[in-house]
Amino acid sequence: MLKLEEVKTDVFNDWCPGCGDFGILSALQQAIAELEVPREKIAVFSGIGCSGKTPHFLNVYGIHTLHGRSLPIAAGAKLANKDLTVIAVGGDGDGYGIGAGHFVATGRRNLDLTYVVFNNGVYGLTKGQSAPTLAKGLRTKSMPAPAIVEAVNPIALAICAGFTFVARSYSLSVKHLKATILAAIRHPGTALVDVLQPCPTYNDLHTKEFWAGADTPDKKPRWYDLQQEGFDAVVRDPEDGGEVVRKKTAGVMKSLEGGEREPVGVFFEWKTATYGEQLAARMPLLAEKPLAEADFSGRDLTPLLAELA
Amino acid sequence: MLKLEEVKTDVFNDWCPGCGDFGILSALQQAIAELEVPREKIAVFSGIGCSGKTPHFLNVYGIHTLHGRSLPIAAGAKLANKDLTVIAVGGDGDGYGIGAGHFVATGRRNLDLTYVVFNNGVYGLTKGQSAPTLAKGLRTKSMPAPAIVEAVNPIALAICAGFTFVARSYSLSVKHLKATILAAIRHPGTALVDVLQPCPTYNDLHTKEFWAGADTPDKKPRWYDLQQEGFDAVVRDPEDGGEVVRKKTAGVMKSLEGGEREPVGVFFEWKTATYGEQLAARMPLLAEKPLAEADFSGRDLTPLLAELA
Amino acid sequence: MSNQADLVWMIGGPQGSGINLAAETLTRCCMRGGLHVFANIEYHSNIKGEHSYYRLRIAKERRRSHLERVDLLVALDRETLVGDVHKSEVTHRGHLHEMAPGGAILFDSGNGPAPGDPSREDVRMFPVPFRDILLEALRMYGREGEVGKLQIMYNVIGLGASIGLLGYDQDLVTRVIAEGFKGRKAALADLNVAVFRRAAEYAMERFATSYPHRLSVLGGSGGRVMMRGIQAVGMAKILAGCGLQTYYPITPATDESDYLESRQGQFPTAVVQCEDEISAVLMAIGAAHAGVRASTSTSGPGFSLMAEGLGWAGITEAPGPVVILYQRGGPATGLPTRHEQADVRFALHAAHGEFPRIVVAPGDAEECFRTTFEAFNWAERYQCPVTVITDKYTASSYSTIPPFETSGLKIDRGVVFTPPKSGKDGFLRYKFTKNGISPRSRLGDRGGIFWTSGDEHNERGHIVESAENRVKMQTKRMTKLVTAAKEIPEGMMWTLHGPADAEVMVVGWGSTKGPILDAIEELETQGVAASFLQLRLLLPFPGDAVRKVLRKAKTHVMVEGNYGGQVRGLIREMTGVHVRRLVHKFDGRPFSQDEVREGILQQLKSARRPAVMSHA
Amino acid sequence: MSNQADLVWMIGGPQGSGINLAAETLTRCCMRGGLHVFANIEYHSNIKGEHSYYRLRIAKERRRSHLERVDLLVALDRETLVGDVHKSEVTHRGHLHEMAPGGAILFDSGNGPAPGDPSREDVRMFPVPFRDILLEALRMYGREGEVGKLQIMYNVIGLGASIGLLGYDQDLVTRVIAEGFKGRKAALADLNVAVFRRAAEYAMERFATSYPHRLSVLGGSGGRVMMRGIQAVGMAKILAGCGLQTYYPITPATDESDYLESRQGQFPTAVVQCEDEISAVLMAIGAAHAGVRASTSTSGPGFSLMAEGLGWAGITEAPGPVVILYQRGGPATGLPTRHEQADVRFALHAAHGEFPRIVVAPGDAEECFRTTFEAFNWAERYQCPVTVITDKYTASSYSTIPPFETSGLKIDRGVVFTPPKSGKDGFLRYKFTKNGISPRSRLGDRGGIFWTSGDEHNERGHIVESAENRVKMQTKRMTKLVTAAKEIPEGMMWTLHGPADAEVMVVGWGSTKGPILDAIEELETQGVAASFLQLRLLLPFPGDAVRKVLRKAKTHVMVEGNYGGQVRGLIREMTGVHVRRLVHKFDGRPFSQDEVREGILQQLKSARRPAVMSHA
Ligand SMILES: Cc1ncc(C[n+]2csc(CCOP(=O)(O)OP(=O)(O)O)c2C)c(N)n1
Ligand SMILES: Cc1ncc(C[n+]2csc(CCOP(=O)(O)OP(=O)(O)O)c2C)c(N)n1
Ligand code: SF4
Ligand code: SF4
Ligand SMILES: [Mg+2]
Ligand SMILES: [Mg+2]
C-alpha cells in the first residue's frame with residue numbers, strides 16, 4: 001500500500017472548480033495506492049478531453065493519447081508487457097463517440113485491462129456540445145437546441161460487446177468508485193467502469209444537486225447501489241453458457257430499466273480466458289515472460305530460408 | 001411493381017459459384033421490384049468486400065464506397081434528399097468490424113435507411129480471415145488457428161445502439177429474406193437486416209448444409225422463424241417507454257439465447273421520430289422539399305452583416 | 001499615421017473571465033467611432049483558469065496584424081502581470097515585460113502584484129478596486145449579496161477603466177453595452193452599464209491626468225463590420241447555398257459550425273454533429289453526390305482522419321465536399337488552441353494514390369469569404385474535393401472591415417446532365433471528355449441512374465480493371481486539374497502586392513498576409529522597398545506564372561509559420577526557384593508585424609541560417 | 001546470354017484454378033536445375049473466376065524483371081487466349097497477341113478457342129485434353145468419380161505439358177511435386193505425380209518435335225532460394241526481433257502477417273488482427289513505448305487511416321512502429337490487386353503538423369530484407385516512426401536469389417536509460433540534448449516513470465503551452481532527423497549503378513530497380529551507355545549528395561510508376577534539379593524491362609512530353 005502522496009504529481013490541475021473529475025482522480029489515486037502493485041508497473045492511458053489530462057496527475061507511467069484512441073494504444077502496451085497493470089481513462093465523447101469502434105473491439109478481445117469512462121454528458125474540453133451519453137430531447141446550456149439522437153447505453157453496449165466486467169459508479173461517491181475501480185482492475189479481463197460525473201461548467205442538467213436529488217420530494221440521491229439491493233451480476237460457473245446469457249440479459253435489462261433512480265454497481269462479471277492467456281497457449285514464451293523481455297539476439301533464419309530452397 | 005429484369009444489370013457477376021450472396025441479391029432485386037418506388041429514387045450503397053459488389057448488379061443508383069464506410073455516405077445522401085430510398089449493404093467485417101463505430105452512431109441517429117449485412121463469418125474478399133461474427137474457438141479453413149476473440153452479436157448491438165428495426169434472415173431463404181428486407185425498407189427509421197450467408201469458399205463451418213441441418217438427427221434447419229413461434233417484437237405504443245424497454249430486452253435476450261437453432265425474423269421494431277423528421281422541425285424547408293431541391297440563389301447577407309456592425 | 005500612434009490595448013485574465021466580451025465591446029465601440037481595430041486572442045486548451053489574453057490594435061487606418069508592444073494593459077489577475085508563478089514549472093512571464101515605455105497597467109488592486117514581483121519604472125501602475133466598484137454598482141440595485149456570483153462582471157470593470165483612462169466616449173460605449181443585452185438577458189443591461197460607468201469614472205478621476213494617451217471618436221463606422229475568419233467562412237457558405245455542414249467538435253473550427261447552426265432557421269443549412277471526422281467528411285461527400293452543396297470544417301487532427309474519404313471523393317468525382325481546414329499547432333493534439341501553418345503539405349497530399357483536388361489558401365477574412373464561395377463552384381465544376389486551408393489566427397482574429405462585396409459572386413454548378421427524353425438508361429456519369437469533366441446527375445434524378453465505385457471504373461461507373469480503361473480514366477480525372485488551372489482566374493491564384501522589381505520580394509501564403517503587408521509598409525518608411533508575393537492557389541499550382549514573378553525579384557524572403565518551410569519547398573518543386581532566405585516561426589503563435597519586419601531585416605543581413613522568430 | 005535466349009513461360013486461368021502452384025513449382029524446379037527465374041503475377045480483385053496469370057522468365061543468369069513477350073503459354077481457359085469476351089464489356093484481349101513469333105500455346109482442348117476467335121499464324125497451338133488426362137490418372141487410383149472435384153489439378157496438367165514440351169527433367173519435377181504434399185496432404189502426392197507424368201508424356205510425344213525450345217538442367221541451385229518481397233520482409237522482422245505485428249487484412253500486405261503468424265510458435269512474434277488500421281498502427285505504437293519492437297503492414301487504404309497515429313508516434317517519440325506500406329493501384333480502393341508507386345508523397349507527409357519520421361524505399365526483396373531490419377534499429381535509435389515503402393510488384397514477385405547475408409546485421413536499440421541507483425523519480429524522457437535524442441525508458445521500467453502526451457510537453461512529458469518550451473522541444477525533435485541523416489550510411493540512402501558520367505542517368509526508386517537494371521543492360525548492347533541512380537532514403541532526403549550526383553550526369557530520365565512523377569518533384573524540391581525527362585506508367589501494372597527501355601529511348605528522342613507506358 002502506497003501513501004496517497006506518492007501517487008500524486010506536482011502538476012498544476014486546471015479543471016474547473018467543482019468538476020466531478022476531481023472525485024474520479026481521488027478514487028483513482030486511492031485505488032492505485034491500495035493496489036499493492038509497484039508504481040512503475042502501472043500505466044494509465046487517456047484520450048483527449050478534460051478527462052484526458054488525468055494521467056498527468058498520477059505518479060505512474062502516464063500516456064495521454066489521441067481523441068478516442070486510448071484503448072488500442074493501451075492494448076498494445078498490455079500485449080507488449082503482460083505484467084503491466086493497464087488502465088485507460090477518458091471522456092464519454094472519447095470512448096462512446098469517436099472511440100465506439102475500438103470500444104466494441106476491445107470488449108470482444110478481453111485483454112486484461114480496465115477502462116474508466118468519465119460520463120458527463122458533454123464534450124467538456126470543446127465547450128459543451130452534447131456527448132453520446134446525453135439523452136434525446138435534453139439540452140444543456142451551451143447547446144443551441146435539444147439533442148435529436150438517442151443516447152448510447154454504455155452498460156448495455158459493453159455487455160453486448162463482450163466486456164467481462166461492467167460497472168457504473170458516481171464520481172462524487174468516491175468510496176464506491178474507488179472500490180469499483182479496484183474490483184475492475186483486479187478482474188482478469190476487460191473491465192468497464194462508467195462514471196457519472198457532473199460538469200458544472202457545461203452540463204446544467206446533471207449537476208451535483210441533481211444527482212443528490214436535492215429537487216426531489218424525498219431528497220434521495222438519484223442513484224442507488226445495485227448490490228445493496230441484492231443484484232447478482234457475477235457468473236458463478238464460468239463454463240456455464242446458460243448462466244452467462246442469463247447474467248448478461250439481467251445486466252442489460254438493469255441498464256435499460258429507467259425510472260427515477262440510476263443503478264450503480266456491477267452489472268455483469270464473468271471470469272473467462274483473457275486474450276493474453278489464449279495467446280500464451282500459442283506462444284510458449286508468453287507463459288514465461290513479457291514480450292518486452294524476450295531475447296531475440298542471434299536468431300538463425302536457416303530453417304526459413306530452407307523452406308524456399 | 002417493376003419487372004425483375006428491370007432491376008438487374010448486365011454486369012458480369014464474379015462471386016464464387018454457390019455463394020450465398022446470390023440469394024441476397026435475388027431477395028434485394030425482388031424487394032426493389034415490389035417496392036413501388038421509381039428506380040431513380042432508390043440508391044444502394046455498399047462497402048468493400050465480395051458483398052460490396054452488390055450495387056453493380058442492381059439497376060438503381062449504385063454507390064460502392066469504402067471498407068466500413070457505407071453508412072456515413074448513405075446518411076449524407078439521405079440528408080441531402082429525403083425522398084430517396086436509401087439501402088446500405090455490406091459484409092460483416094465491413095459493418096461490425098471496421099465499421100462498428102459508424103454502426104453504433106447510425107443506430108443512435110435513426111435516419112430512415114436500411115442496412116443489410118452479409119454475415120458470412122469471414123472476410124471473403126481478403127481470403128477468409130475471421131470476421132467479427134465468427135464465434136470464439138471456431139476455425140474456418142483458411143485460418144491458421146481458432147479465433148480467440150468473442151464474436152459480436154449484431155442483433156443485441158443494434159438494439160442497444162438504437163436501431164429501431166432489427167431483424168435477421170438467411171440468404172438461401174429468399175422469400176423470408178425478401179419480405180424482411182421489404183419490411184425494413186418500409187420501416188420509418190434505421191433498420192438492420194443481418195443475413196446469415198454461406199461462403200462456400202472460405203467458411204467451411206457455416207455451409208448451406210450446416211444451415212439446412214443436414215448433419216442433425218432430425219435434419220431440421222438450424223434456424224427457425226421467430227414470428228412463426230409467436231415472438232412479438234413490435235412496440236405497440238411508441239410513446240410507452242416501459243414497453244420500449246421490455247421489447248428491447250426481449251430482443252436482446254432472444255439474440256443471446258444460443259442453442260441448436262438460430263432465430264430469424266424481427267427482434268425489435270419501434271416507430272419513433274426519425275432524425276429527418278426532427279430536423280424538419282428546425283428547418284421548415286425540409287417539410288416542403290429535399291435539401292437538394294432548395295433554391296439558394298440571390299441570398300442576402302445584410303442581416304448577418306448587421307450583427308457585426 | 002505611424003505604428004507608434006496606434007494604441008495597443010490588452011486584457012488578460014483566466015479562461016472564463018470574460019475577456020472576450022470586454023475586447024469585443026471595445027472593438028465595436030472603436031469601430032462605431034470611426035477607428036480601425038485588429039484584435040487577436042491567445043488562450044490555453046482549458047476551460048477555466050489558465051491564462052488568456054486579447055490584444056487590440058486600435059488605429060486610424062486599417063491594420064492587418066498585431067504588434068508586440070502593449071500600451072495599455074488590463075490585468076484581471078496577477079498572472080497577467082508576472083506569469084504562472086503558482087505552477088511547479090513556470091511557463092510564461094506575463095505581460096509586464098511587453099509593456100511599451102510610458103505604457104500603463106490597470107490592475108485589480110485585490111489581485112495585483114505581490115511583494116517581490118518584477119516591476120517596471122517606465123510603466124504606470126493603476127490599481128483599480130474591482131470588488132469595491134462592483135459592490136457599489138450592485139448596491140444601487142440591492143444586489144450586493146450576489147457579488148461572488150457576479151464577479152464575472154470584472155471584465156466590464158476592465159473595459160470601463162480603460163475607457164475612462166483613455167477618455168473615450170462613454171455614451172457610445174453605454175449604447176453598445178446595452179445592445180449586447182437583449183431578450184432574456186435584457187435585465188442585466190442596466191447593471192452592466194452601471195458597473196461600466198463607475199469603473200470609467202473611477203479611472204478617469206484618479207489616473208487620467210497622469211496618463212497622456214487619449215482615444216477619440218473620429219466619425220462614424222463607415223459601414224464597417226467586425227469580422228472574424230470563421231464568420232466570413234460561414235457567410236460564404238450561406239451565400240453559396242451550402243445545404244449540409246457536417247462536423248465533429250474541434251478547436252478552432254467548431255465556432256463556424258455553431259455559427260451556421262444558430263442561423264439554420266433563417267438560412268437552411270443542415271448542421272450535423274457526427275460521430276467522428278471520418279463520418280463528417282463522408283456524409284458531406286454522400287450529400288454532394290446527391291446534389292447538395294456540402295462542407296465540413298475541422299483542424300489538423302480531424303483532417304488526419306479524412307484522408308481516405310478525400311481519395312474516395314476524388315475517384316468517384318464527387319462534386320465536393322468543401323473542406324475548411326483551420327490549422328492549429330501540431331503535430332497530434334499539439335497546441336490545440338494555438339496557431340501554426342504546418343498542415344499544408346499534408347493537405348496537398350492527404351490520401352494514397354493520385355486524384356484531382358484543389359487546395360487554396362485565403363490570406364484573411366475577406367479572402368476567406370471570396371475563396372469559400374468560389375470553392376463550392378469549383379467543387380461542382382471540377383467534381384473534386386476542395387480544401388480551403390486557413391488557420392487559427394485567421395479564424396479567431398477580428399478586424400474592422402468594409403462589408404463584403406457580393407455583387408460579383410455568381411453561383412456556378414458546373415455541367416449537369418440533361419435527362420434523356422426517352423427516359424432510357426445508359427447515362428455515362430464518367431464519360432470521357434477532352435477537358436476531363438463529365439456531365440453529372442444527382443442521386444434521385446430521373447434518367448440519370450449511375451454507378452460509382454472507389455475501385456477503378458468505366459464510363460458507367462462499374463468496376464473495370466483493364467489497363468486501357470485505367471489509363472484513360474485516370475488521365476480524364478487528372479485532366480480536370482489542367483482545366484481548372486486554365487479556368488480559375490489568375491487573381492485567385494496569387495497576388496503580387498507592390499512592384500515585382502522591388503528590392504526585396506517577400507513570399508508568403510495564408511494568414512501571414514496581414515503581418516507581411518503591415519511590415520513592408522513599415523519597412524518602406526525605413527528605406528527598404530519590399531513587395532509581397534502572396535500565393536493563394538496551392539493546387540493546381542500556377543508554377544509558370546509564379547516562376548516568372550519570382551525571377552523578376554532581386555532578393556526573396558519566404559515567411560512561413562512552420563518549421564520546415566513547407567511552401568518554400570513547394571515553390572522549389574513547382575518552379576525550380578529556391579527561396580533561400582526563410583523567416584519562420586513555430587512557437588504556436590502567429591507572426592506579429594514586428595517579427596516579420598525583424599525577420600526580413602535579419603535575412604537581408606545574413607541568410608546563413610533561417611530566422612526563427614519567437615517573441616516569447 | 002541475351003534476352004532472346006530467355007524463356008518466358010506463362011500460365012493463365014481463372015482465379016482459384018491453382019496457377020500459383022504450377023508457377024511456383026516450375027520456379028522451384030528451374031532453380032533446382034541451376035536456372036534463374038523471375039516470376040510475377042497479375043490477378044483481379046476477386047476470389048474465383050476472373051482472369052489471372054503468372055509469368056516466369058527463365059534464364060541462365062539473374063533476371064530482375066519481366067518481359068512483354070510470351071514464349072510458351074499455358075491456357076487453362078479460353079479467356080487466357082482471347083480475353084473476357086463473355087462480359088457485357090470486354091476489358092482485355094487475353095495473351096494470344098503477346099505471343100512471341102514462334103511461340104507455342106498449350107491449351108485445354110475442352111476449353112480452347114471458339115470459332116471466329118482471333119488466331120496467329122506464327123504461333124503453334126497445342127491442344128491438350130485436360131479432362132482425359134486427369135481421368136486417366138484418376139483411373140489408376142479408381143477415383144474417376146471425383147473428376148469434377150479434382151479439376152483443380154488442371155494446373156498440374158499445365159505444368160506437366162510444359163515440362164514435357166520443353167524436355168525438362170521430369171524426375172526433378174516429380175521430386176518437387178512430391179515435396180509439396182506433406183503431412184495431411186501426403187496422400188495426394190502420388191495422384192499429382194501421376195497426373196503430371198501423363199501430361200508430360202502427352203505433350204512430349206505429340207508436340208515436342210514441332211517445337212524447338214528446350215529447357216535443361218544446368219547444375220545445382222547454388223544454394224539459391226525463391227524469394228518474394230513479403231517473405232523477405234517477414235524474415236527481416238523475425239531477425240530484428242519484432243515482437244508484435246498488428247494488421248488488418250488487406251491486399252497485398254496480409255500475406256506478410258500470415259507468414260509471421262504461421263511461424264509464431266518458432267519465432268515469437270505476436271500477430272494481432274485488429275478492428276481497423278487505426279487500431280493496428282496505434283497498438284504497435286503502444287507496444288513500442290512498452291519496449292517491444294513493433295510493426296504493422298498495410299497498403300494505401302489502410303495507410304490512409306494511420307495518419308493521425310503516425311503524428312502521435314512522432315510527438316511522443318515512440319521508438320516505432322515500423323510500417324510497411326505495400327503500394328497498390330489507387331486512389332481509394334483503386335485497383336486492389338494491381339501495382340502502382342503512387343503513395344510516396346502521402347507517405348512523406350501523412351498527418352498534420354511536423355515531426356521526425358523516416359521513409360525508405362527498398363528496390364527489391366534483398367533490399368526489403370536489409371531495409372526492414374535496419375528500420376527497427378532506426379525506429380529505436382531515433383525514436384520515430386519508420387515507413388518502409390514498397391509495392392505489390394516487390395511483394396508478390398518471386399525471384400531466385402542467394403540466401404540473405406546476415407552476418408553484418410547488428411541489432412541497435414538506441415540510447416536506453418540507466419535506472420537511477422536511488423530509485424527516485426525525476427526521469428526526463430524528453431531531455432533536451434544536442435542531437436535531439438533523449439534516453440528512453442520503457443513502460444514498466446523501474447526508475448523510468450515518465451509521462452507523454454500528444455499535446456506539446458516539457459522534458460518530463462507534461463503538457464506545457466509556452467512558446468519557449470515549444471521552440472526547444474520541436475527543435476529537439478526535428479534535430480533527430482539531422483542526426484539520422486548524418487548517421488545512416490550513404491549506401492542505405494542511394495546507390496549509383498554504373499558510372500556517374502554515363503550518357504544517360506536513369507533515376508528511379510523502389511521496384512523500378514529491377515526493370516531499370518535489366519533495361520540499361522540491354523541498352524548497353526544497343527549502344528546506349530546508361531547508369532542508374534537509385535534513391536532509397538526518401539526522408540531525410542540526402543539532398544546534397546543527390547544533387548552532386550545528378551549534376552555529373554549528361555542527361556537524366558526519371559522512371560516512376562505513377563501519374564504525377566512524385567519523386568521527380570521531390571528531387572526538384574530537395575536539390576533544385578529538374579529531371580525533365582519522365583517515363584511513367586499508371587495502368588496498374590509494373591514496368592517491364594521492355595517498357596523501361598522503350599520509354600528511355602523515347603525520352604532521349606524527344607522530351608516534349610513524358611512517355612506514358614502501357615503495354616496493354
Ligand atoms: C480527432 C479529433 N477530433 C476532435 C478533437 C477535439 N476534441 C478535443 S476534446 C473533445 C471532446 C471531449 O469530450 P469528452 O471525450 O466527453 O471529454 P470531456 O472533455 O468531457 O472530459 C474533442 C472533440 C480532437 N482532439 N481530435
Ligand atoms: C481501409 C481498408 N482496409 C482493408 C481493406 C481490405 N479489405 C477489402 S474487403 C475486406 C474485408 C471483407 O470482408 P467482409 O466485410 O466481411 O465482406 P465479404 O467479402 O465477406 O463480403 C477487407 C479487409 C480495405 N479495402 N480498406
Ligand atoms: S468543462 Fe466540465 S468536465 Fe471540463 S473541467 Fe470544466 S467542469 Fe470539468
Ligand atoms: S469468397 Fe465467399 S463470400 Fe466471397 S464470393 Fe466467394 S463464396 Fe461468396
Ligand atoms: Mg465528456
Ligand atoms: Mg464477410
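Residue numbers begin at 1 in each chain, while the letters A, B, ... track the order of the sequences. Only a predicted model underlies this, so the values are computations on that prediction, with no experimental measurement involved.
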**OP:** Can you check whether anything in residues 80-89 of chain A gets within less than 4.5 Å of chain D, heavy-atom wise, and list it by number?
**Re:** Ala80(A), Asn81(A), Leu84(A)
Original post:
Using a cut-off of under 4.5 Å for heavy-atom pairs, which of Ile48(A), Leu58(A), Thr302(A), Leu71(A) has the most such pairs with chain D?
Top reply: Leu58(A)
Original post:
Between Asp300(A), Ile42(A), Thr106(A), Val60(A), which residue shows the highest count of heavy-atom pairs closer than 4.5 Å to chain D?
Top reply: Val60(A)
Original post:
Among residues 8-15 of chain A, which residues come closer than 4.5 Å to chain D, judged by heavy atom distances?
Top reply: Thr9(A), Asp10(A), Val11(A)
Subject >> Choice from Leu305(A), Leu279(A), Leu66(A), Leu301(A) maximising heavy atom contacts with chain D below 4.5 Å >> reply: Leu66(A)
Subject >> Region of Arg442(D) in contact with chain A, defined by heavy-atom distances below 4.5 Å >> reply: both
Original post:
So how far is it from Asp258(D) CG to Tyr247(D) OH, rounded to the nearest 0.5 Å?
Top reply: 5.5 Å
**OP:** Could you give me the CA-CA distance, side-chain angles and deciding distance for Gln197(A) and Asp21(A), then say whether side-chain contact (heavy atoms from CB on, under 4.5 Å) is met?
**Re:** CA-CA 7 Å; Gln197(A) 172 235 322; Asp21(A) 288 1; 2.8 Å; yes
**OP:** Tell me, with the steps shown, if Phe450(D) and Tyr61(A) meet ring-ring contact (aromatic ring centres under 6.0 Å, His included).
**Re:** CA-CA 5 Å; Phe450(D) 67 83; Tyr61(A) 280 99; 5.3 Å; yes
Subject >> Residue pair Arg460(D) / Leu428(D), side-chain heavy-atom distance below 4.5 Å >> reply: yes
Subject >> Interchain contact, Pro303(A) with chain D, by part (heavy-atom threshold 4.5 Å) >> reply: side chain
Original post:
Picking from Leu285(A), Val104(A), Ile63(A), which has the most non-hydrogen pairs under 4.5 angstrom with chain D?
Top reply: Ile63(A)
Subject >> Part of Val272(D) within contact of chain A (heavy atom distance under 4.5 Å) >> reply: both
